Asker: 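Okay, here's the structure, questions in a sec.
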Amino acid sequence: MENTRLKILTGGLLLTLALACACSTPSAPEFNIEPAYLSDVSKGWSLFAQGNFALAATSFRSAIARDVQQDYYEAHIGLGWAMAMQDSLQKAVLNFDLALDRAPKDSRDSVNILSGLSFAYRDLNPPDYQKVRDDAVVVLEKDPSFVFAYRTSINAQDVKAVLAEAYFNLGQYEEAAAIADPGGTLDPSADDYNQKLLSKINQLLTISREGV
């Protein structure tokens, strides 16, 4: 009887000790994805600057895949630009929108996103000129001397070109002329005014596309 009681007490003590040890076992530290994420993003931008847009997109996708908690957004900016440069415009808009939802509205990143959106919406078929106008206006308000750091041939002049075209197609001819004909060389009362204004806008767009 005593032996039985002793076995019960001993067993209970061992169980208590086991539970105490299990409860006090430290959990494994969470894996910090940030260094690998930033490395992929940096590699993506480097490839983008070199004109390797497909490889850049692969690096940006790798960064996005690491970010399972969706804590970061820069890789979406990069992927948006990489897709836009490959004329995959719907995917570009999707990634720009994902980034815009997370980026601070007054940040430099928001300018990079909105400028990309203005170009993507212009190249969609059909173009969405209202969104081109709205995004381009914000870019130029926030940074009148905008230069895209990862491809410096893309700048405020390109944004102005698509904005002028958007104004024209939305019937805002005076605003379009302020960009395309700032010296007022055209006569708004002339029968061929719209045709000549459009010609000037197309010249801006041609110069813009040469830089890209």
Side-chain angles (χ1 to χ4, degrees), residues 29-125 127-128 131-132 134-163 204-212:
E30 291 186 8
F31 179 68
N32 182 12
I33 69 156
E34 186 172 11
Y37 177 91
L38 294 177
S39 177
D40 283 339
V41 169
S42 178
K43 181 180 178 182
W45 282 129
S46 178
L47 290 164
F48 183 93
Q50 296 168 25
N52 295 326
F53 304 123
L55 291 177
T58 299
S59 289
F60 291 129
R61 287 194 183 98
S62 177
I64 291 169
R66 295 181 191 279
D67 184 21
V68 294
Q69 299 298 322
Q70 299 183 354
D71 293 325
Y72 305 96
Y73 60 83
E74 188 177 358
H76 284 293
I77 301 176
L79 186 55
W81 273 99
M83 290 292 95
M85 298 302 282
Q86 297 176 88
D87 293 326
S88 187
L89 301 171
Q90 293 290 356
K91 291 181 180 178
V93 169
L94 172 63
N95 279 279
F96 284 137
D97 283 344
L98 288 170
L100 193 62
D101 286 341
R102 303 179 202 172
K105 301 305 179 186
D106 58 350
S107 69
R108 178 70 193 181
D109 288 331
S110 69
V111 174
N112 289 337
I113 297 166
L114 291 170
S115 58
L117 278 170
S118 69
F119 299 133
Y121 281 128
R122 187 264 174 185
D123 289 341
L124 283 174
N125 188 19
D128 189 332
K131 289 185 177 178
V132 173
D134 294 347
D135 291 338
V137 165
V138 175
V139 171
L140 294 171
E141 286 177 349
K142 289 187 174 184
D143 187 0
S145 302
F146 166 73
V147 175
F148 187 46
Y150 301 105
R151 197 167 182 84
T152 55
S153 59
I154 299 173
N155 54 48
Q157 297 306 312
D158 303 305
V159 179
K160 289 179 181 179
V162 298
L163 177 57
L204 292 180
L205 290 168
T206 299
I207 296 170
S208 170
R209 291 298 170 176
E210 288 174 354
V212 176

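Since this is a predicted model, take the numbers as computed values, not measurements. Position 1 is the first residue of the sequence, and the numbers go up from there.
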Asker: Which is it for L114 and F146 under the side-chain contact (heavy atoms from CB on, under 4.5 Å) test, yes or no, and what are the steps along the way?
Answerer: CA-CA 11 Å; L114 291 170; F146 166 73; over 6 Å; no
Asker: So, for I113 and A103, which heavy atoms are closest and what is the spacing to 0.1 Å?
Answerer: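 Closest heavy-atom pair between I113 and A103: CD1-CB, 3.9 Å.
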Asker: Minimum heavy-atom separation for A57 and L79, please, with both atom names.
Answerer: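 Heavy atoms of A57 and L79 come nearest at CB-CD1, 3.7 Å.
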Asker: In Å, rounded to the nearest 0.5 Å, how long is the span from CG of D40 to CD1 of I33?
Answerer: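 Going from CG on D40 over to CD1 on I33, the span is 10.0 Å.
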Asker: How close do N112 and S115 get, heavy atom to heavy atom, and via which atoms?
Answerer: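 Heavy atoms of N112 and S115 come nearest at O-OG, 3.0 Å.
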Asker: For a quick test of reading the model, state the closest non-hydrogen atom pair linking F96 to I77 and the distance between them.
Answerer: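 Distance-wise, the nearest heavy atoms are CE2-O, 3.6 Å.
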Asker: Drop me the distance from E74's CD to I64's CD1, to the nearest 0.5 angstrom.
Answerer: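 So the CD of E74 and the CD1 of I64 are separated by 11.0 Å.
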Asker: Return the CD1 to CD distance between I207 and Q157, rounded to the nearest 0.5 Å.
Answerer: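 CD of Q157 is found 9.0 Å from CD1 of I207.
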Asker: According to side-chain hydrogen bond (donor to acceptor under 3.5 Å, both in side chains), does anything in residues 138-150 pair up with another residue at least two apart or in another chain? List the pairs.
Answerer: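 Found R108-D143, S110-K142.
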Asker: Within the side chain of D67, is there an N or O that forms a donor-acceptor pair under 3.5 Å with the backbone of Y72?
Answerer: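 At least one qualifying donor-acceptor pair exists.
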Asker: What's the separation between atom CZ in R66 and atom OH in Y37, rounded to the nearest 0.5 Å?
Answerer: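 If we round to the nearest 0.5 Å, R66:CZ and Y37:OH are 11.0 Å apart.
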Asker: Do you know the tightest heavy-atom contact between P35 and N32?
Answerer: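 Smallest interatomic distance, heavy atoms only, reads CD-O, 3.5 Å.
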Asker: Taking the ring centre of each residue, are F60 and W81 less than 6.0 Å apart?
Answerer: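 Here the rings of W81 and F60 have centres that are no less than 6.0 Å from each other.
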Asker: Quick one: do I154 and F119 satisfy side-chain contact (heavy atoms from CB on, under 4.5 Å)? Show the steps, please.
Answerer: CA-CA 10 Å; I154 299 173; F119 299 133; 3.6 Å; yes
Asker: Quick check: does any side chain N or O of D128 sit under 3.5 Å from a backbone N or O of K131, one acting as donor and the other as acceptor?
Answerer: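 Confirmed, D128 side chain pairs with K131 backbone.
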Asker: Is the closest side-chain donor-acceptor distance between D109 and Y73 under 3.5 Å?
Answerer: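 Y73 and D109 do have a side-chain donor-acceptor pair below 3.5 Å.
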Asker: How long is the straight-line distance from CH2 of W45 back to OG of S59, given to the nearest 0.5 Å?
Answerer: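 Here the interatomic distance stands at 12.0 Å.
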Asker: Does any donor atom in the side chain of S208 or D158 lie under 3.5 Å from an acceptor atom in the other side chain?
Answerer: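 A donor-acceptor contact under 3.5 Å links the two side chains.
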Asker: Taking only residues at least two apart or on different chains, which pairs with a member in residues 87-97 satisfy side-chain hydrogen bond (donor to acceptor under 3.5 Å, both in side chains)?
Answerer: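 Counting only pairs at least two positions apart or across chains, the side-chain hydrogen bond (donor to acceptor under 3.5 Å, both in side chains) contacts touching residues 87-97 are H76-N95.
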Asker: Any chance you could lay out the side-chain contact (heavy atoms from CB on, under 4.5 Å) test for M83 and L89, step after step, and finish with the verdict?
Answerer: CA-CA 6 Å; M83 290 292 95; L89 301 171; over 6 Å; no
Asker: Check the pair K105, L100 against side-chain contact (heavy atoms from CB on, under 4.5 Å), reporting the backbone distance first and the verdict last.
Answerer: CA-CA 8 Å; K105 301 305 179 186; L100 193 62; 4.2 Å; yes
Asker: Is there side-chain contact between L163 and V132, with at least one heavy-atom pair below 4.5 Å?
Answerer: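 No, their side chains stay 4.5 Å or more apart.
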Asker: If only atom types and distance count, is the side chain of T58 paired as donor or acceptor with the main-chain N or O of A54 below 3.5 Å?
Answerer: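 Present.
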